[in-house]
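Remember, it's a predicted structure, so these values are computed and weren't measured experimentally.
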Amino acid sequence: MSRGARAHPASAVGQRRERSRGNRRAHPASAIGRERTPRGDDAPRRRVTRVRRLPPGVIVTGALIGATRPGFASARPAQRVMREPEDTVPLLVRMGVQGDLLGDAGAMGLFMAMDGRRLGLDTRITGMTLPATDGSGATDRITLLSAHASAALWAGARGRLRLEGGFASAHAPSILFVGPSFAASAEACIGASPVDIEARIQAVPFPHRQVDAQAGLALHAGALNLRGGWRALYLNDAGHTNGEEQVERLTGPYLGLGLTF
C-alpha cells in the first residue's frame, strides 16, 4: 500500500477525527443540554362539559321514590336510640296467719308486710290468752300490736336483711302501753330448694319492756308458703300496773300459713 492511498473510513486508527464534540448532532430523544422548543399544540386545553338539566318532573319523581323506598335514598336519617328503662324490683307483698303454743298460753296472730327495692312496711297483731298471775285461775287477754317502716341492708334474689323501726303497743286488761319499737329480720334461700330460713327479733325499751324473737323455716309452693319454727316472748310491765313488776317468759313452737305475691 502506498502512502497516497486513502484509508478506509472504518479504520480511524492513528487518524485525528475531524469532527468535534460540539458539532456532534444530538439524538432527537436525548435533549440533554438543549431546551426543546414548545409545540403550539402542547398548550393546556380546557375541556368544555355540557350539563344537561333534567326536567322538574323527573326531579320530583326521584325525590318521592327516595323518600318512600329507603333503598333508593343515598343518605338515611339517623336512627333514634331508645334507652330501655332499668329493670325495677316489683312490690312484694307478704301476709299470713300464725298460731303459737307458748307453754300455758296460746296466741294467734296476723301480719302483713310490703317490700320494695329497699324500703318497706311491716304490721303485726297478736292476741294472747294466758293464766292470770294472781293465782285466781282467771284468764288474762293481752293484745300486741306493732307497725314498722323497714330498710333493707341487703336485698337480692336469694334473700333479704332488714332493719325496722316504728312503734308498738301492749293492751292489757287494765292498762295500755305504747312505745318505740325496733326490729331486725332476715330471710334466705337454702340452696336450690323451695325452703327458706327466716328469723326476726323485736325489742321495745319503754314504757314496758318487750322482747319477741322467732326463727324457723318456710316451705314455698308458688305463692303459698307454710311456716314453722320456735318463738320466745318476754313481757315486763315495769311495775306500771300495780307497783310490782309482772314478768311473763313464754316459749314454744309456732305454725303459720301465708301468701306472697
Undergrad: Mind listing the closest non-hydrogen atom pair of Cys189 and Ala157 along with its distance?
TA: SG-O, 4.3 Å

Undergrad: Measure the spacing between CG of Leu219 and CG of Asn225 and express it to the nearest 0.5 Å.
TA: 8.5 Å

Undergrad: Are Leu92 and Phe261 co-members of a hydrophobic cluster defined by side-chain heavy atoms under 4.5 Å apart?
TA: no

Undergrad: To the nearest 0.5 Å, what is the distance between CG on Leu102 and CH2 on Trp230?
TA: 9.0 Å

Undergrad: If only side-chain N and O atoms count, and only distance matters, is there a donor-acceptor pair under 3.5 Å linking Thr260 with His220?
TA: no

Undergrad: Do Leu259 and Leu226 sit in one hydrophobic cluster, given that two such residues count as connected whenever their side-chain heavy atoms are within less than 4.5 Å of each other, even indirectly?
TA: yes

Undergrad: Answer yes or no: does atom CZ of Arg141 have more than 12 heavy-atom neighbours from other residues, nucleotides or ligands under 6.0 Å?
TA: no

Undergrad: Taking Asp237 for its side chain and Gln246 for its backbone only, find out whether a donor-acceptor pair lies under 3.5 Å.
TA: yes

Undergrad: Within a 6.0 Å radius of atom CZ on Arg249, are there more than 12 heavy atoms belonging to other residues, nucleotides or ligands?
TA: no

Undergrad: When rounded to the nearest 0.5 angstrom, what distance separates CG in Asp115 from CG in Asp122?
TA: 8.0 Å

Undergrad: Taking C-beta and beyond as the side chain, do Val204 and Phe167 meet within less than 4.5 Å on heavy atoms?
TA: no

Undergrad: Calculate, to the nearest 0.5 Å, the distance between atoms CE and CG belonging to Met95 and Leu257 respectively.
TA: 12.5 Å

Undergrad: If Ile, Leu, Val, Met, Phe, Trp and Tyr residues are connected whenever their side-chain heavy atoms lie under 4.5 Å apart, and connections chain through other members, are Leu224 and Met112 in the same group?
TA: yes

Undergrad: Decide yes or no for Leu144 and Met128: does some side-chain heavy atom of the first lie under 4.5 Å from some side-chain heavy atom of the second?
TA: yes

Undergrad: If you define the side chain from C-beta out and look only at heavy atoms, does anything of Leu153 sit under 4.5 Å from Leu163?
TA: yes

Undergrad: Before giving the answer on salt bridge (Lys or Arg N to Asp or Glu O under 4.0 Å), spell out for Arg231 and Asp212 the whole-Å C-alpha distance, their side-chain angles and the decisive distance to 0.1 Å.
TA: CA-CA 8 Å; Arg231 182 178 183 181; Asp212 189 356; 2.6 Å; yes

Undergrad: Can you find a pair of side-chain heavy atoms, one from His240 and one from Phe177, that are under 4.5 Å apart?
TA: yes

Undergrad: Could you tell me which non-hydrogen atom of Ala132 sits nearest to which non-hydrogen atom of Asp140, and how far apart they are?
TA: CA-OD2, 3.3 Å

Undergrad: Using only heavy-atom distances, determine whether the side chains of Glu198 and Gln214 contain a donor-acceptor pair under 3.5 Å.
TA: no

Undergrad: Check whether any side-chain heavy atom of Leu119 sits under 4.5 Å from a side-chain heavy atom of Ser150, and report yes or no.
TA: no

Undergrad: Is a side-chain donor-acceptor pair under 3.5 Å present for Arg162 with Ser185?
TA: yes

Undergrad: Salt bridge or not between Arg227 and Asp196? Use side-chain N to carboxylate O under 4.0 Å.
TA: no

Undergrad: Using the rule that two of Ile, Leu, Val, Met, Phe, Trp, Tyr join whenever any of their side-chain heavy atoms come within less than 4.5 Å, decide whether Val97 and Ile125 are in one cluster.
TA: yes

Undergrad: Taking Arg209 first and then Glu245, would you say they form a salt bridge - that is, a charged N and a carboxylate O separated by under 4.0 Å?
TA: yes

Undergrad: Within this structure, what is the CE-OG1 distance for the pair Met108 and Thr129, rounded to the nearest 0.5 Å?
TA: 10.0 Å

Undergrad: For Asp100 and Gln98: C-alpha separation, side-chain torsions, deciding distance, then whether side-chain hydrogen bond (donor to acceptor under 3.5 Å, both in side chains) applies.
TA: CA-CA 7 Å; Asp100 308 274; Gln98 176 177 311; 2.9 Å; yes

Undergrad: For the CG atom of Leu101 and the CG atom of Leu255, what is their distance to the nearest 0.5 Å?
TA: 11.0 Å

Undergrad: Hey, are the side chains of His148 and Leu121 touching, using non-hydrogen atoms and a 4.5 Å cut-off?
TA: no

Undergrad: In terms of side-chain heavy atoms, does His171 have a donor or acceptor partner in Ser169 at a distance below 3.5 Å?
TA: yes

Undergrad: Counting distance only, does the side-chain N/O of Asn242 pair as donor-acceptor with the main-chain N or O of Glu244 below 3.5 Å?
TA: yes

Undergrad: What heavy-atom pair brings Ala232 and Thr251 nearest, and what distance separates the two atoms?
TA: CB-CG2, 3.8 Å

Undergrad: May I ask you to decide if Pro131's main-chain N or O and Thr139's side chain share a donor-acceptor pair within less than 3.5 Å?
TA: no

Undergrad: Under 4.5 Å between any side-chain heavy atoms of Leu130 and Ile142, yes or no?
TA: yes

Undergrad: Locate the shortest heavy-atom distance separating Glu187 from Arg94; write the atom from each residue and the value.
TA: OE2-NH1, 4.1 Å

Undergrad: Show the numbers, then the answer: is there a side-chain contact (heavy atoms from CB on, under 4.5 Å) between Leu217 and Ile190?
TA: CA-CA 10 Å; Leu217 300 176; Ile190 301 178; 4.1 Å; yes

Undergrad: Find out whether the Lys NZ or Arg CZ of Arg124 is both under 6.0 angstrom from the six-membered ring centre of Phe111 and within 45° of the ring's axis.
TA: yes

